[in-house]
Amino acid sequence: MSHEPLVEFEGVDKYFGDTHVLKDIDLSVDQQEVVVVIGPSGSGKSTLLRCTNRLEEIQSGEIRLDGRSITDGDVNQVRQQVGMVFQSFNLFPHKNALENVSIGPKEVRGLPATEATRRAEELLDRVGLADQMDSYPHELSGGQQQRVAIARALAMDPKVMLFDEVTSALDPELVGEVLDVIEDLAEEGMTMMLVTHEMGFAREVADRIVLMSEGRIVEENEPETFFENPQTERGEQFLSRLL
């Protein structure tokens, strides 16, 4: 893992109306690092991810990607470089898996159709769906749809991938197939930020755990230390409710 920061938050504040949801966030994510963000509901985890690809705009501070501020750049350029996968799969219902994955590179990046299709085939194979390329979303299980969504985000060749509770809408028996894909990406060196309730998975895949509470980062540490020996009272409280 390289120790060059790829994503940097500096003094980031985010409000929804009068509600202060992110409070003076300082965080950096290195190249090829996997950072898992955990914390109780309403602590600001998902908002942190959504600010990273400018689905939400911040009120103060700065977010940098590869040394450049994303705060006032072209939002479409930012989103090409920051892939995001959500709880809900957000696939185009009238397009099959192959079309769902190839449309972004064709429409947004201007890739020739043959190249976009070839890349989409490779990515669907990579997420274990080589046999489902012609299937439409309604013909796929939730786990398969989520894997198409991951392939679609990867098709844009992002510098960093964001995963927001990507297994929370899935039946328990489908969770593993999605987590396996994310684990493979981690092993291949993809820089990732994940929000998840799956603590066993967090412990396994993370290089670093970031605990949020009430809009602030209250603890960050490597998984072993965090889960075995949390350094803050808030960390102890959070773990005692889970374990």
Side-chain angles (χ1 to χ4, degrees), residues 1-14 21-22 25-37 44-92 100-111 116 119-120 123 126-127 146-167 178 181-182 184-186 188-196 205-208 210 212 217:
M1 185 175 64
S2 145
H3 292 293
E4 291 289 315
L6 181 64
V7 184
E8 298 166 277
F9 300 81
E10 197 176 297
V12 168
D13 284 285
K14 168 70 186 167
V21 273
L22 293 180
I25 297 290
D26 289 321
L27 177 68
S28 70
V29 180
D30 286 347
Q31 301 264 11
Q32 301 187 319
E33 187 178 21
V34 179
V35 170
V36 175
V37 184
K45 310 180 298 290
S46 291
T47 304
L48 182 75
L49 290 196
R50 292 171 69 86
C51 290
T52 312
N53 80 340
R54 287 191 51 195
L55 279 170
E56 302 288 352
E57 300 292 354
I58 61 176
Q59 273 68 51
S60 61
E62 192 173 36
I63 302 173
R64 289 186 293 275
L65 177 67
D66 228 357
R68 288 186 179 174
S69 173
I70 67 162
T71 320
D72 39 30
D74 175 353
V75 70
N76 291 322
Q77 274 193 322
V78 171
R79 291 192 189 146
Q80 285 182 49
Q81 298 177 71
V82 183
M84 187 155 184
V85 185
F86 303 86
Q87 291 178 24
S88 51
F89 321 121
N90 297 349
L91 298 175
F92 295 116
N100 261 288
V101 177
S102 61
I103 189 168
K106 276 193 298 204
E107 302 287 329
V108 181
R109 300 191 70 155
L111 228 60
R119 176 98 177 107
L123 287 167
R126 182 173 170 186
V127 299
Q146 195 58 292
R147 285 185 282 153
V148 173
I150 293 172
R152 181 180 60 181
L154 290 171
M156 299 300 284
D157 280 330
K159 291 181 175 177
V160 58
M161 284 281 283
L162 312 176
F163 294 92
D164 187 13
E165 297 280 16
V166 293
T167 57
V178 173
V181 170
I182 296 173
D184 287 346
L185 291 174
E188 290 164 20
M190 172 63 78
T191 308
M192 295 192 274
M193 293 176 68
L194 295 97
V195 169
T196 183
V205 80
D207 295 306
R208 187 156 37 113
V210 170
M212 291 188 70
I217 292 175

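Everything quoted here is computed from the prediction, not taken from an experiment.
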J.: As an exercise, state the distance from CG of Leu194 to CD1 of Ile182, rounded to the nearest 0.5 Å.
T.: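 With rounding to 0.5 Å, CG (Leu194) is 5.5 Å from CD1 (Ile182).
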J.: For the residue pair Leu55 and Phe86, establish whether any side-chain heavy-atom pair is separated by less than 4.5 Å.
T.: yes
J.: In a check of side-chain contact (heavy atoms from CB on, under 4.5 Å) between Thr191 and each of Val160, Leu185, Val35, which one passes?
T.: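 Among Val160, Leu185, Val35, the one that satisfies the side-chain contact (heavy atoms from CB on, under 4.5 Å) with Thr191 is Val160.
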J.: For a 4.5 angstrom cut-off between non-hydrogen side-chain atoms, does Ile58 reach Ile25?
T.: no
J.: Determine whether Met190 and Met192 satisfy the following criterion, side-chain contact (heavy atoms from CB on, under 4.5 Å), listing intermediate values before the conclusion.
T.: CA-CA 6 Å; Met190 172 63 78; Met192 295 192 274; 3.6 Å; yes
J.: Checking side-chain contact (heavy atoms from CB on, under 4.5 Å) against Met193, which of Val34, Leu162, Asp164, Val36 comes through?
T.: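 Result: among Val34, Leu162, Asp164, Val36, Leu162 is the only option passing the side-chain contact (heavy atoms from CB on, under 4.5 Å) with Met193.
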J.: Would a 4.5 Å heavy-atom cut-off, applied to side chains only, mark Arg54 and Val82 as touching?
T.: no
J.: Hey, could you give me the CG/CD distance between Asp66 and Glu8, rounded to the nearest 0.5 Å?
T.: 9.0 Å
J.: Exactly one of Gln81, Gln80, Arg119 should register a side-chain hydrogen bond (donor to acceptor under 3.5 Å, both in side chains) with Asp157. Which one does?
T.: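 So, applying the side-chain hydrogen bond (donor to acceptor under 3.5 Å, both in side chains) to Asp157 and each of Gln81, Gln80, Arg119, only Arg119 qualifies.
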J.: Apply side-chain contact (heavy atoms from CB on, under 4.5 Å) to residues Leu27 and Leu48 and explain how you reach the verdict.
T.: CA-CA 10 Å; Leu27 177 68; Leu48 182 75; 4.2 Å; yes
J.: Could you report the tightest heavy-atom contact between Glu62 and Val12, atom names first, then the distance?
T.: O-CG2, 3.4 Å
J.: Quick one: does any side-chain atom of Gln146 pair with a main-chain N or O of Val166 as donor and acceptor, under 3.5 Å?
T.: yes
J.: Just checking Arg109: does its CZ atom have more than 12 heavy atoms from other residues, nucleotides or ligands closer to it than 6.0 angstrom?
T.: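 Correct, the count exceeds 12.
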J.: Using 0.5 Å steps for rounding, measure from the CZ atom of Arg50 to the CG atom of Leu22.
T.: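 Going from the CZ atom of Arg50 to the CG atom of Leu22 covers 12.0 Å.
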